[in-house]
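I'd like to ask some things about the structure below.
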Amino acid sequence: MLDITFIKENPQLVIDSMNNKGEKNAQLVQRLIDKDEQWRQLVHQIDVLRAKSNKSAKQIGALMAIGNKEEAQTIIQETSRSKSIIKELEKQLNIIAEKRRSLLLRIPNVAHISVPIGHSEEYNQVYSTWGTINTQSWLKPHWDILEKQGWLDFERGVKVTGAGFPFYLGPLAQLQRALIHFFIDEANKVGYVEMQAPYLINEDSARGTGQIPDKEDMMYEIPRDTFFAIPTAEVPVTNFHRGEILFEEQLPLQYVCHTPCWRREAGSYGKDVRGLNRLHQFEKVELVHFVKPDESYETLELLREHVESLLQKLGLAYQTLLMCTGDMGFTQSKKYDLEVWSPGQQRWLEVSSCSNFEAFQARRMQLRYRKDEKVTEMVHTLNGSGLALPRVLSATIETYQTENGLVRVPDILKRYIDREYL
RNA sequence: GGAGAGGUGGCUGAGUGGCUGAAAGCGCUCCCCUGCUAAGGGAGUUUAUGUGGAAACACGUAACGAGGGUUCGAAUCCCUCCCUCUCCGCCA
């Protein structure tokens with residue numbers, strides 16, 4: 001959610017930004033401004049009436065106290081009339097306030113000046129690449145290796161739950177656990193606070209990070225208790241501070257949190273869903289920052305560098321993309337995607353996206369810090385995956401496979417898996 | 001899940017229909033006094049939002065777990081829900 005005052009002062013900037021993001025409803029801006037004007041007028045009208053009736057109520061109290069019942073009665077009669085007017089206006093106000101808010105929620109975040117403008121992925125810029133892109137033809141996709149070894153069981157997953165809920169077995173399960181451990185250890189080293197969070201969230205939290213309204217279809221729902229299964233740790237971790245006013249000295253705050261993630265992923269198919277490419281349940285280590293506004297872009301670079309360092313230490317080739325306006329989503333002001341090279345599939349796989357939301361999330365969930373005695377200000381939030389496990393697993397398996405069908409243990413993981421081969 | 005007791009400002013804690021956006025204490029900020037330290041005195045100290053103002057600020061409105069209701073008037077009465085504590089049940 002953007003600041004209404006900012007929108008009113010910079011309507012054209014917001015409209016341009018919407019166009020750049022490929023949002024077609026740029027006329028929303030004017031509708032919002034109009035609705036806000038209506039809302040303001042009505043609020044004022046009601047406030048004046050309420051002030052009047054508050055005054056009368058006080059008078060009545062005073063008259064009753066001295067026993068002057070007749071005069072009190074007269075005033076009561078007068079007030080009851082304006083009371084019904086207030087009730088009527090309040091009804092209108094509710095409707096208008098709701099409209100205003102829903103319009104406001106439909107305005108996307110403004111892209112940062114450094115973000116390339118463009119409508120589709122070909123405008124994304126390759127920010128950096130690292131490692132050797134292995135294109136040898138004998139390299140197998142991970143599903144061949146895993147199937148042969150019996151380390152990944154989709155069929156029983158279907159039996160027990162459904163498609164997209166595989167079982168990980170033996171060395172693969174061990175590798176995943178090692179990677180999670182490694183990611184958290186690395187985050188701890190650079191000052192992230194380790195956190196374990198709820199896997200179910202309530203509606204207020206889903207609203208806080210913007211899963212509802214609109215994107216509830218991505219989440220699994222537990223209707224009896226009105227919970228949702230988290231689609232990412234971003235939701236509980238960011239909502240951790242929802243509605244708070246933080247002290248300036250508390251900032252910056254940074255958390256690392258490993259959770260499973262559940263996504264309904266309706267409508268996906270084909271090569272995208274082979275093997276570990278896309279699942280309904282997967283593990284992820286998430287990094288979340290709460291910072292002062294003037295630090296958020298610097299923090300975004302630190303976050304990106306940290307996530308890149310994970311891939312480097314694992315020896316996985318990757319590229320970092322600076323996402324263009326049209327490819328970066330509603331809530332972000334700047335976003336990097338990290339894609340790891342999958343030698344067996346000969347393609348890039350997204351394993352992380354690191355985003356700055358500026359105050360967009362914070363404003364929606366009223367997360368502020370005290371700037372000085374009088375002034376509070378919205379904090380800036382950022383997050384990035386560090387990292388999403390399934391595709392890192394497949395890239396690791398494919399990168400470290402040998403020609404005789406074995407998989408070597410990456411050196412960095414030998415402190416968790418003390419042997420040469422999986 | 002059952003029974004009981006509760007949910008008030010940064011904290012403790014008053015407040016059962018009007019003079020309470022909220023006593024008192026603690027904490028914190030600023031000022032005064034005091035040759036260190038200690039002690040003392042004074043002022044200030046929730047949030048959101050509207051109007052006016054360049055601003056400082058002024059004046060309103062709303063909020064005492066959340067949402068409804070009764071009333072001219074609700075922290076206070078009624079209803080629903082949420083949460084906390086104690087006991088029981090169940091359980092890792």
### B:G60 versus B:G4 - spacing of their C1' atoms, nearest Å
44 Å
### Message
Suppose you measure atom P in B:G41 against the same atom in B:U34; what distance do you get, rounded to whole Å?
### Response
16 Å
### Query
P atom, B:G10 versus B:G65: distance in rounded Å?
13 Å
### Query
Considering the options A:T325, A:N20, A:V110, which one meets the side chain to side chain contact (heavy atoms under 4.5 Å, CB included) requirement together with A:V115?
A:T325
#### Entry: Near-ring test A:F183/A:H258, centroid separation under 6.0 angstrom
no
### Query
With a 6.0 Å cut-off on ring centres, are A:Y297 and A:H380 close enough?
no
### Message
Taking pairing as Watson-Crick or G-U wobble with both contacts under 3.5 Å, can you name the mate of B:A5, or confirm there isn't one?
### Response
B:U84
### Query
Does any residue of residues 90-100 of chain A have a heavy atom under 4.0 Å from RNA chain B, and if so, which ones, in number order?
none
### Message
Taking the C1' atom in each of B:A24 and B:U86, what is the distance between them to the nearest angstrom?
### Response
29 Å
### Task
Under a 3.5 Å limit for both distances, which nucleotide forms a Watson-Crick or G-U wobble pair with B:C57, could you say?
B:G52
### Message
If you count heavy atoms of other groups shown closer than 6.0 angstrom to CZ of A:R415, is the number above 12?
### Response
yes
### Message
With a 3.5 Å limit on both atom pairs, tell me what B:U12 is paired to, counting Watson-Crick and G-U wobble, or say none.
### Response
B:A24
### Task
Pick the P atom in B:A55 and in B:G7, then give their distance to the nearest Å.
42 Å
### Message
Suppose we define a pair by two distances each less than 3.5 Å, Watson-Crick or G-U wobble; what does B:C64 pair with here?
### Response
none
### Query
Among side-chain atoms of A:T259 and A:K284, is any donor-acceptor pair under 3.5 angstrom?
no
### Task
May I ask you to decide whether A:E420 forms a salt bridge with A:R408, counting only side-chain N to carboxylate O separations under 4.0 Å?
no
### Task
Please give the nucleotide sitting opposite B:A39 as a Watson-Crick or G-U wobble pair, both distances under 3.5 Å, or none.
none
Name each donor-acceptor pair under 3.5 Å that joins a side chain in residues 250-257 of chain A to protein atoms two or more places apart or in another chain, with its distance.
from, atom 1, to, atom 2, distance (Å)
A:Q250, OE1, A:F247, N, 2.7
A:Q254, OE1, A:H289, ND1, 3.3
A:Q254, NE2, A:V190, O, 3.2
A:Q254, NE2, A:G191, O, 3.2
A:Y255, OH, A:H241, NE2, 2.8

### Task
Assign each of A:K83 and A:Q41 to its nearest nucleotide of RNA chain B by heavy atoms, then name whichever residue's nucleotide is nearer the 5' end.
A:Q41
### Message
I want to confirm an ordering. Mapping A:Q366 and A:I75 to their closest nucleotides on RNA chain B, which one lands closer to the 5' end?
### Response
A:Q366
Please report, to 0.1 Å, the donor-acceptor pairs under 3.5 Å made by any side chain of residues 363-370 of chain A, with sequence neighbours excluded.
from, atom 1, to, atom 2, distance (Å)
A:R363, NH1, A:M1, O, 2.7
A:R364, NH1, A:R207, O, 2.8
A:Q366, NE2, A:R363, O, 3.3
A:Y369, OH, A:E377, OE1, 2.8
A:R370, NH1, A:E373, O, 3.2

### Query
Who pairs with A:H181 by ring-ring contact (aromatic ring centres under 6.0 Å, His included), at least two apart in sequence or on another chain?
A:Y416
### Counter-base of B:G73, judged by Watson-Crick or G-U geometry with both distances under 3.5 Å
none
### Query
NA contact type, A:R81, heavy-atom cut-off 4.0 Å: base, sugar-phosphate, or nothing?
nothing
### Query
For A:E121, does the CD atom sit with more than 12 other heavy atoms under 6.0 Å from it, leaving out its own atoms?
no
### Query
Say you pick atom P in B:G68 and the same atom in B:C11; how far apart are they, in whole Å?
25 Å
### Nucleotides bounding contact with chain A, strand RNA chain B, heavy-atom threshold 4.0 Å
B:G18 to B:G73
### Identity of whatever pairs with B:G89 - Watson-Crick or G-U, under 3.5 angstrom
none
### Message
Counting only heavy atoms not in A:E298 (residues, nucleotides, ligands), do more than 12 fall under 6.0 Å from its CD?
### Response
no
### Task
Could you give the distance separating B:A23 and B:U8 at their C1' atoms, to the nearest angstrom?
12 Å
### Task
List in numerical order all residues of residues 46-64 of chain A for which some heavy atom is under 4.0 Å away from an atom belonging to RNA chain B.
A:D47, A:R50, A:A51, A:N54, A:A57, A:I60, A:G61, A:M64
### Query
Looking only at side chains, do A:R242 and A:N239 share a donor and an acceptor under 3.5 Å apart?
yes
### Task
Write down the distance separating the P atoms in B:C88 and B:U12, rounded off to the nearest Å.
27 Å
### Task
Check the surroundings of atom NZ in A:K8: do more than 12 heavy atoms from other residues, nucleotides or ligands lie under 6.0 Å from it?
yes
